Amino acid sequence: ELVSVIVSSLLYEWNPTYETRQVTPSDLLRSELGPKLDHNGPLVEFASSLQVAEAPWIRFGDSPSEVLPNALAWALSAEHWPSGAGEFWAHFGLCHGDLHPGNVLIRVAPEPRATDFRLIDLSSFSTNHSLAKDAVHLLLSVVGEHLSEVASHRRDLLTLAMDDSAHLPLELRGLRETARRVRKTVDDWQSSMHGMSDDWDAQFNLAFVAGSLEFVGRRSLDRKGACG
């Protein structure tokens, strides 16, 4: 409940007004990642170590029949995007920028209440950032706490984060409910705008891609530090 309450507060209370403007998918993805796309940064280094930094399409070892766009390559170069990938409407406003459970304080006495929380560490705060970023970042942070090196387990986590209806192990069903509540909260907020649902879906999905790449970069740094 706490996660969905926080997301609701950010959308409705932090951003009673916001800016809506047209952007291209490429520009939004690049703005979401910002300096993380640096050619000497952990994302590019990680992709280079796998020899996929410039490959527009990739396969994964556990599902070689699936060919997927390489989000990092597409973020680095607009030439990979199809000519029909034109502008769409996206919403921008106040954004915490690094929202995860460690940046949320909640009063526990005399009894815990989901609505009684405070956000800390506003070093990444922005007044003009994608309104999808905080919701996605918080969701991925919660999911990431359950990440393991087992491929099947990682795929289960991806399934629930993307709100897929596929069967999941019993121990992940509570986490799936959290993910669904976040999705419902942002969907309800979008519905209150009476339109542009396709544009919001595009913005949310691009934030999901950017957030996932950001977490990949962090794990790459963690591994490098461990090896050092």
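Values below: all heavy atoms of this structure, side chains included; hydrogens, waters and symmetry mates excluded. Predicted, not measured: the structure shown is a model, and the values here were computed from it.
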Applying side-chain hydrogen bond (donor to acceptor under 3.5 Å, both in side chains), can you list everything that pairs with [X], at least two apart in sequence or on another chain?
X	value
S9	E13
D27	T24
D187	none
D188	K184

Counterpart residues, side-chain contact (heavy atoms from CB on, under 4.5 Å), relative to [X] (two or more places apart):
X	answer
N103	H96, D98, H100, I120, D121
R59	V67
A132	S130, W200, Q203, F204, A207

Checklist entry - Would R173 and E177 pass as an ion pair if we require N to O under 4.0 Å? => result no
Pairing residues for [X] by the salt bridge (charged side-chain N to carboxylate O under 4.0 Å, His left out) criterion, not counting sequence neighbours:
X	result
E19	R21
E145	none
R183	none

Could you list the donor-acceptor pairs under 3.5 angstrom formed by side chains in residues 76-89, with sequence neighbours left out?
| from | atom 1 | to | atom 2 | distance (Å) |
| --- | --- | --- | --- | --- |
| S77 | OG | E79 | N | 3.4 |
| W81 | NE1 | W74 | O | 3.0 |

Checklist entry - Among all residues two or more places apart in sequence or in another chain, which pass the ring pair (Phe, Tyr, Trp, His ring centres under 6.0 Å) test with Y18? => result H91, W189
